[in-house]
Each structure stands twice: as structure tokens, then as C-alpha cells.
Asks: 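Take this structure first; my questions come after.
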Amino acid sequence: MSAFGLCFNLGPSIKMTPRLARVCATCLSHKVNRTDLRIASFTWIKRFGTGPDGGDDDSGAPVPSSPALFPFSKGASRFGRRPLSPLERVSQMLPQESLSEEVWELRGKKPREENDDTETQTPKKLIEDLDVHEQSGDGVVNESKEDLTHVLPGERLMCFGEVLLAEYRRKRRLELQKMFQLEKGSKLGSNSGFIAHDAIQGCHAGTVLRTSLGIPMLIRRPSLEEFTLFMKRGPAIAYPKDASAMLMMMDVNEGDCVLESGSGSGAMSLFLSRAVGSSGSVLSVEVRADHHRRAVLNYERWRSSWRLRSGNEWPENVHFHLGDLTNAAPSLAGRSFNSVALDMINPHLALPTVVPHLHTGGVCAIYQANVTQIIDLMEGLRCSTLPLVCERVVEVQYRDWLLAPSLQKDGSFNRRKKPPGEETAESENDDAEEGHESPAHFPFGSVPYIARPHPEQNGHTAFLVKLRKISK
């Protein structure tokens with residue numbers, strides 16, 4: 001009979017000595033099949049359970065007093081367990097009370113030494129670290145909540161319900177820009193990782209947070225221009241560059257009464273609302289019901305976010321009307337307007353209804369996507385007797401430029417070349433100051449800059465037509 005079989009036949013009648021344990025371990029490596037190994041592994045896992053003493057709380061069986069076993073060793077993963085040694089495999093199959101003190105010492109000595117050398121954490125400590133990791137893994141805040149006590153007068157911290165903007169820039173390029181509403185328990189997710197909304201709440205607007213993958217993300221409040229670009233759309237919006245030009249054409253002031261036709265997604269309505277102020281009013285007419293609903297939702301979303309970010313009410317000065325402007329003469333009865341903004345396919349059909357309610361000298365700004373539409377507009381004016389004069393037909397174009405310090409391939413700054421006489425005088429200083437690569441280290445004027453048009457330029461959006469009412 002082999003020594004391995006002898007161990008099981010003798011059972012509790014024999015004490016497990018170090019010599020016998022080594023013989024059993026040798027036999028085990030040759031005789032024990034995979035099924036026995038799985039049984040041994042299951043027995044070991046049950047030993048190191050979730051109970052306070054490392055056992056299984058639900059078993060109810062008393063755990064024999066023995067030296068503590070350390071399931072973690074050098075080379076094991078943080079959340080895994082080290083493989084069992086042959087001695088431990090054999091001793092786990094035997095009754096625990098039959099093991100001698102020498103065997104317990106052999107089982108406990110090596111793991112203790114490895115624990116002392118590598119400072120391996122105990123399971124209880126690992127559980128605590130797991131809790132901390134789960135709490136802080138949603139996003140690492142560069143600015144602790146204790147440091148947020150310094151708030152300038154009139155400044156408000158980000159809170160739940162606000163509309164915020166997250167952006168990530170890499171190598172002078174805008175890689176990600178996303179608008180979202182801050183909600184409790186939600187997460188801001190992207191290909192760069194995620195950030196818990198709870199980690200954003202209570203921070204300053206303009207705080208840089210790190211995602212679960214360690215990517216720095218700037219969280220701030222969007223401007224009205226950015227809100228109109230990222231809000232949910234039905235039809236295409238009047239882009240901010242065109243909307244600002246139309247406001248200048250119409251010369252909108254605080255307290256004016258403005259008529260808008262073509263609410264669309266509500267972008268132009270928001271710009272007009274801010275321009276006329278709380279003492280003015282805007283009547284926005286839309287013929288399509290789905291566009292009308294989308295414009296109202298975007299307008300109310302901006303107002304609710306503004307109330308949270310500023311503490312003041314956004315003026316409720318826009319009145320949305322569902323209907324066709326060409327047949328809206330009864331709705332306009334008794335009203336007059338300082339200016340008119342039209343975003344329609346056939347604006348010349350609505351001009352006979354609009355012009356009688358426009359102040360003399362007032363401007364009607366028309367937003368048209370195609371030049372053929374402008375031709376139809378001019379032909380309609382020629383055939384009508386309306387007191388309108390076309391003053392301008394313009395296309396607004398912006399050209400973005402890239403202006404930044406010149407960098408090398410490794411990310412360090414290029415140095416401006418000096419004349420031959422100055423290079424010799426500064427060579428000693430360069431050698432003494434080698435190793436300092438911070439941006440502030442280089443003196444003023446020593447870093448060259450690049451300046452060129454940005455590779456990504458906006459194309460054509462629309463034509464703007466300026467019509468003025470005169471008295472003939």
C-alpha cells in the first residue's frame with residue numbers, strides 16, 4: 001500500500017508528522033486525479049469564506065483552533081487566492097484534529113513570511129479597500145469637497161437638475177463634447193470611461209474630474225449658444241452665427257415686441273427671449289405640431305436649468321402659437337411689432353399678413369437656406385405693392401484659427417533659434433538648466449508659435465435677407 005493510501009486508512013489514529021506529510025505530498029502529485037483536486041479546492045474555498053473567522057457562517061460547525069492561514073501570497077492577484085501547496089492539499093483532506101503542531105507550523109510559516117516581505121493585505125483589509133474603491137471608482141475628483149467651501153459672492157455650485165457640458169481635449173483637439181442633465185444616481189458614460197453624477201454635484205462649474213479610466217474631463221455649464229447647438233432638435237436650427245447677425249439686423253432692444261415665424265427647435269426663440277428681456281415679448285408661430293412641441297420643451301428645459309444655475313427666473317416672455325402665419329391675420333389683430341424674423345420656405349407668401357403689423361422703419365430679417373429661395377422672394381416683392389426695401393443679402397462665415405506653441409514629437413517645447421553670437425553665450429546656461437521642462441521655465445519669447453486656419457471649418461448654413469418697411 002502506498003503512503004498516500006496509508007494516510008487515509010489510519011485516519012485519526014496517526015499523527016501527521018513533517019516526514020509523512022512530505023511523502024504524502026509526493027504521492028499526491030502522481031496519484032490524485034482531477035476530481036480529487038476539485039474536491040480539495042472546494043474544501044479550501046469553504047475554509048476561507050465570508051465569516052468573521054474566515055469560515056462559513058451558515059455551516060454552524062465549530063472551527064478547530066489552529067494557526068491562521070493566509071490565502072494571499074506574492075504573485076497572486078489582488079482579489080484572487082494563491083494556489084495550495086501539496087502539503088496543504090493533503091492536510092485539507094485529513095481531519096483537522098489529527099494534524100500535529102509541526103504540520104500547522106509548516107502550513108503557516110511560509111505564508112507569514114511572504115506576508116511580512118510583501119506586506120500582503122488580509123481579507124478584511126481587502127474588503128475595506130474594495131468598499132473604498134467602489135465608492136471612489138466612479139470618478140476621481142481633483143478638487144475635494146472640503147475645498148469647495150470657498151465660494152465667491154454670487155457663485156453657485158453645480159446641483160442636480162442642471163444642464164451641464166462635459167468636454168475632453170487631447171493634443172489641441174476637441175475629442176468629446178456632450179451635454180447632459182445632472183441627475184442623482186446616474187452616470188456620465190462615454191468611450192473614455194464614466195463619471196458618477198453624485199461626484200459632480202456640489203463642485204464648481206469648470207471643475208476637471210477624472211473618469212473611471214483616468215481621463216480628465218472638464219465639467220462646466222453651457223452657454224446659450226452651446227445649449228442651442230447640443231439640445232434635442234426636430235428641424236435644423238438657426239445657427240448662433242446667423243442668429244446673432246439677425247439680431248443685429250433687426251436691432252432688437254430690451255422691451256421690444258418681436259414676431260417670429262418658424263419656431264423650429266426653439267433656438268431663435270431663446271436668443272430673442274434674452275434680447276427683449278423681461279419687459280419685452282416674443283410671439284413664435286409654427287405650423288407643424290411636432291416642431292411646436294420640441295420648441296416648447298427646449299425653451300422650458302433652458303428656463304429650469306437657468307433657475308438652478310443662477311437662482312433667478314428666466315423671463316417667460318415667449319408665447320408659442322401653433323398655426324399658419326399666412327392665415328393668422330385674426331390672431332395678429334390689434335398687435336404691432338418692432339421687428340420680424342421669418343424662417344420659412346416661402347416667406348413672400350406671409351409678408352402681406354405681417355407687414356401691416358410691422359412698425360414703419362422696422363426690419364424684417366429672413367433666413368433662407370438656398371439662393372433660389374431668395375430669387376423667389378425678390379420676385380414676390382417685385383410683383384407686390386408692399387412697402388418693403390431689400391437692403392442686404394449676406395452670408396455669415398466664420399473662420400477658426402489654430403494658434404498654439406510649437407511642440408516636438410515627444411511633447412516638449414521647441415526653442416526659438418538664437419543668432420550665432422547668443423548661442424555660445426547661452427549654451428552654458430542651457431546645460432545647467434537641463435531637465436527643467438515646465439512651461440513656465442522657458443523665458444518670455446523663447447518658444448515659437450504656430451498659426452494657421454483650423455483644419456475643421458464650418459460650411460454654408462444660410463443666407464440672410466434684410467427687408468425694411470418704408471412709408472411711400
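Numbers here simply count residues along the sequence, with the first being 1.
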Asks: Has the side chain of Ser412 got a donor or acceptor atom that lies under 3.5 Å from a matching backbone atom of Gln408?
Replies: no
Asks: With sequence neighbours left out, what residues match Glu175 under side chain to side chain donor-acceptor pair (under 3.5 Å)?
Replies: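 Glu175 satisfies side chain to side chain donor-acceptor pair (under 3.5 Å) with no residue once adjacent residues are dropped.
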Asks: Mark yes or no for whether Gln373, through its side chain, and Asn370, through its backbone, hold a donor-acceptor pair below 3.5 Å.
Replies: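 Side chain of Gln373 to backbone of Asn370, a donor-acceptor pair under 3.5 Å: yes, one is there.
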Asks: Shortest non-hydrogen contact from Ser278 to Pro315?
Replies: CA-CB, 3.7 Å
Asks: Give, for atom CG of Leu325 and atom CG of Leu259, the distance between the pair rounded to the nearest 0.5 Å.
Replies: 6.0 Å
Asks: Could you tell me whether the side chain of Ser305 and the main chain of Arg301 form a donor-acceptor pair under 3.5 Å?
Replies: no
Asks: So does Thr326 get a backbone contact from the side chain of Asp324, meaning a donor-acceptor N/O pair under 3.5 Å?
Replies: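 Yes; at least one donor-acceptor contact below 3.5 Å.
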Asks: Taking side chain as C-beta onward, heavy atoms only, is Leu283 less than 4.5 Å from Phe337?
Replies: yes
Asks: For a quick test of reading the model, state the closest non-hydrogen atom pair linking Ser336 to His359 and the distance between them.
Replies: OG-NE2, 3.1 Å
Asks: Under 6.0 Å from the CE atom of Met378, do we count more than 12 heavy atoms belonging to anything else shown?
Replies: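 Yes.
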Asks: Could you measure the distance from the CE atom of Met249 to the CG atom of Leu467? Nearest 0.5 Å is fine.
Replies: 9.5 Å
Asks: Between Trp302 and Phe227, what is the ring plane arrangement, given parallel below 30°, perpendicular above 60°, and tilted in between?
Replies: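 If you compare the ring of Trp302 with that of Phe227, the planes turn out tilted.
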Asks: What is the minimum heavy-atom distance between Leu342 and Cys364, and which atoms define it?
Replies: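 Heavy atoms of Leu342 and Cys364 come nearest at CD1-SG, 3.8 Å.
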Asks: Glu162: what forms a salt bridge (charged side-chain N to carboxylate O under 4.0 Å, His left out) with it, not counting sequence neighbours?
Replies: Arg221
Asks: Without swapping roles, check the side chain of Arg415 against the backbone of Val447 for a donor-acceptor pair under 3.5 Å.
Replies: no
Asks: Please lay out, stage by stage, how Val465 and Leu377 fare under the test side chain to side chain contact (heavy atoms under 4.5 Å, CB included).
Replies: CA-CA 9 Å; Val465 182; Leu377 173 63; 4.0 Å; yes
Asks: Is there a donor-acceptor pair closer than 3.5 Å between any side-chain N or O of Arg335 and the backbone N or O of Ser331?
Replies: no
Asks: Using a cut-off of 6.0 Å, state whether more than 12 heavy atoms not belonging to Arg173 lie near its atom CZ.
Replies: no
Asks: Minimum heavy-atom separation for Phe180 and Ile200, please, with both atom names.
Replies: CZ-CD1, 4.0 Å
Asks: Report yes or no: does Gln201 contribute a side-chain atom to a donor-acceptor pair with the main-chain N or O of Lys184 at less than 3.5 Å?
Replies: no
Asks: For atom CG of Asn191, is the number of surrounding heavy atoms from other residues, nucleotides or ligands below 6.0 Å larger than 12?
Replies: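 Count not over threshold, so no.
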Asks: Please confirm whether the ring centroid of Tyr299 lies under 6.0 Å from the ring centroid of Phe320.
Replies: yes
Asks: About how many Å separate NZ of Lys466 and CE of Met250, when rounded to the nearest 0.5 Å?
Replies: 11.0 Å
Asks: Hey, is the main chain of His454 close enough, under 3.5 Å, to the side chain of Gln457 for a donor-acceptor pair?
Replies: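 Yes, because the side chain of Gln457 sits within donor-acceptor range (under 3.5 Å) of the backbone of His454.
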Asks: Can any side-chain N or O of Asp251 pair as donor or acceptor with the backbone N or O of Met248 at less than 3.5 Å?
Replies: no
Asks: Tell me yes or no: between the side chains of Glu395 and His460, is some donor less than 3.5 Å from an acceptor?
Replies: yes
Asks: Quick check: do Tyr367 and Asp242 have side-chain heavy atoms less than 4.5 Å from each other?
Replies: yes
Asks: Please step through side chain to side chain contact (heavy atoms under 4.5 Å, CB included) for the pair Val258 and Asn338, ending with a clear verdict.
Replies: CA-CA 6 Å; Val258 181; Asn338 299 92; 5.5 Å; no
Asks: Any chance the side chains of Ser273 and Trp314 put a donor and an acceptor closer than 3.5 Å?
Replies: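 Yes.
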Asks: Tell me the closest heavy-atom pair linking Pro448 and Ser446, and the distance in Å.
Replies: CD-O, 3.9 Å
Asks: Under the criterion side chain to side chain contact (heavy atoms under 4.5 Å, CB included), I'd like the reasoning laid out for Ser212 against Ile195: C-alpha separation, chi angles, the key distance, then a yes or no.
Replies: CA-CA 7 Å; Ser212 57; Ile195 302 177; over 6 Å; no
Asks: If you count heavy atoms of other groups shown closer than 6.0 angstrom to CG of Leu407, is the number above 12?
Replies: yes
Asks: The test is salt bridge (charged side-chain N to carboxylate O under 4.0 Å, His left out); show your working for Glu167 and Lys178 and say whether it passes.
Replies: CA-CA 6 Å; Glu167 61 180 28; Lys178 183 177 181 180; over 6 Å; no
Asks: Go through the steps for His321 and Glu286 under the test side chain to side chain donor-acceptor pair (under 3.5 Å), then give the verdict.
Replies: CA-CA 6 Å; His321 177 72; Glu286 174 59 51; over 6 Å; no
Asks: Should Ser339 and Val252 be marked as a side chain to side chain contact (heavy atoms under 4.5 Å, CB included) after you check the CA-CA gap, both sets of side-chain angles, and the distance that decides it?
Replies: CA-CA 7 Å; Ser339 55; Val252 180; 4.0 Å; yes
Asks: Report yes if some heavy atom in the side chain of Ser261 is under 4.5 Å from a heavy atom in the side chain of Asp343; otherwise report no.
Replies: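 They are not in contact (no side-chain heavy atoms under 4.5 Å apart), so the answer is no.
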Asks: Considering all heavy atoms of both residues, which atom of Leu403 and which atom of Ala451 are nearest to each other, and what is their separation?
Replies: CD1-CB, 3.6 Å
Asks: How many angstroms lie between CD in Glu456 and CG in Asp400, if you round to the nearest 0.5 Å?
Replies: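 Answer for the CD-CG pair, Glu456 versus Asp400, is 9.5 Å.
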Asks: Does Gly234 offer a backbone N or O that forms a donor-acceptor pair with the side chain of Ser265 under 3.5 Å?
Replies: yes
Asks: To the nearest 0.5 Å, what is the distance between CG (Leu218) and CG (Leu176)?
Replies: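 It comes to 11.0 Å.
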Asks: How far does CD of Gln181 sit from CG of Leu188, to the nearest 0.5 angstrom?
Replies: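 Going from CD on Gln181 over to CG on Leu188, the span is 13.0 Å.
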